[in-house]
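Just so it is clear, the model here is predicted, and its values are computed rather than measured.
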Amino acid sequence: MQVSGDIGLGEGLGFQLVIFRRLLGPRAWLHRLVGCLPIVGLLVLGELLIIQDSPTLTRDLIIWVGAYMLALFGMTAIVRWNGRAVIKSHIARGETAKVPATYSFEEQALSLSTPGRLVVTDWSAVSEIALIRKSWLFFGPTTYFLPQRLFDSPAAEREVIAFILAHLSPAAQARSKEARALVGGG
């Protein structure tokens with residue numbers, strides 16, 4: 001069983017935060033909180049300084065909080081800019097913006113084939129499949145994505161997902177809510 005089509009260069013980059021949230025589940029907020037602790041600490045310190053009526057220290061604290069926020073947003077912008085720059089560099093080297101990809105689903109494993117690359121993953125390594133942002137994500141040691149647009153029809157998508165679901169472990173099947181819903185298994 002195969003699904004083929006073109007994948008955009010860098011198309012999978014947008015899934016990083018989604019994967020992070022999906023894997024951590026309810027604990028994802030904790031990791032965000034840890035990133036906010038320096039800000040909270042500075043604000044608490046600022047309140048203490050205001051109580052002591054020290055305008056110079058309060059002004060300095062506001063500058064530090066502002067600098068921290070600017071750095072945080074700046075780093076996010078730089079990461080996005082770098083991602084776009086890398087894609088443009090690949091295209092400048094002669095790589096195409098779209099890459100033909102073939103996803104093969106066999107009894108023992110799934111494979112993803114693109115020009116110059118073949119990745120084979122045993123079904124036992126897939127811990128979940130999930131429909132996120134119009135793509136099926138295969139969670140495991142490496143997370144792969146299969147855009148829904150590559151399926152010929154909704155019936156073809158249902159057939160492939162049913163095949164995949166049947167080859168996953170019971171625990172992986174239980175985690176794959178969207179797949180079970182698509183094939184009618186709740």
- So, do Glu157 and Gln148 sit near enough that their side-chain heavy atoms are less than 4.5 Å apart? yes
- Which atoms form the tightest heavy-atom contact between Leu168 and Ile129, and what is the distance? CD1-CG1, 4.2 Å
- All heavy atoms of Ala174 vs all of Arg180, minimum pair found to be O-NH1, 2.6 Å
- Item | Neighbour count above 12 (heavy atom, 6.0 Å) for Asp152 CG | no
- Query: Any side-chain heavy-atom pair from Ile132 and Phe145 closer than 4.5 angstrom?
  - Reply: no
- Query: If Ile, Leu, Val, Met, Phe, Trp and Tyr residues are connected whenever their side-chain heavy atoms lie under 4.5 Å apart, and connections chain through other members, are Tyr144 and Val99 in the same group?
  - Reply: no
- Please identify each residue that fulfils side chain to side chain contact (heavy atoms under 4.5 Å, CB included) with Ala171, with sequence neighbours left out. Ser169, Arg175
- Return the set of residues passing side chain to side chain donor-acceptor pair (under 3.5 Å) with Gln173 (not counting sequence neighbours), or none when no residue passes. none
- Note on the structure: When every non-hydrogen atom of Pro141 is compared with those of Ala125, the smallest separation belongs to CD-O, 3.3 Å
- Criterion side chain to side chain contact (heavy atoms under 4.5 Å, CB included) on Trp136 and Phe151, from CA distance to verdict: CA-CA 11 Å; Trp136 286 99; Phe151 292 101; 3.8 Å; yes
- Looking at residues at least two apart in the chain, or sitting in another chain, which of them share a side chain to side chain donor-acceptor pair (under 3.5 Å) with Glu178? Arg22
Solution key, residues 107-119 side-chain donor-acceptor pairs under 3.5 Å, sequence neighbours excluded:
{"from": "Glu107", "atom 1": "OE1", "to": "His167", "atom 2": "NE2", "distance (Å)": "2.9"}

- Task: Mind checking side chain to side chain contact (heavy atoms under 4.5 Å, CB included) for Ala155 and listing every partner two or more places apart, or none if nothing turns up?
- Result: Ser153, Arg158
- Flag, side chain of Tyr103 to backbone of Gly5, donor-acceptor distance under 3.5 Å: no
- Query: If you measure from CG on Leu182 to CD1 on Ile164, what distance do you get to the nearest 0.5 Å?
  - Reply: 10.5 Å
- Task: Could you tell me which residues satisfy side chain to side chain donor-acceptor pair (under 3.5 Å) with Thr102, sequence neighbours excluded, listed by chain and number?
- Result: Ser4
- Which heavy atom of Gly140 sits nearest a heavy atom of Ser127, and at what distance? N-OG, 4.1 Å
- For Ser135 and Pro147, which heavy atoms make the closest approach, and how far apart are they? OG-CA, 3.4 Å
- Message: Do Leu150 and Met1 sit in one hydrophobic cluster, given that two such residues count as connected whenever their side-chain heavy atoms are within less than 4.5 Å of each other, even indirectly?
- Response: yes
- With under 30° as parallel and over 60° as perpendicular, where do the rings of Phe105 and Trp123 fit, or are they tilted in between? parallel
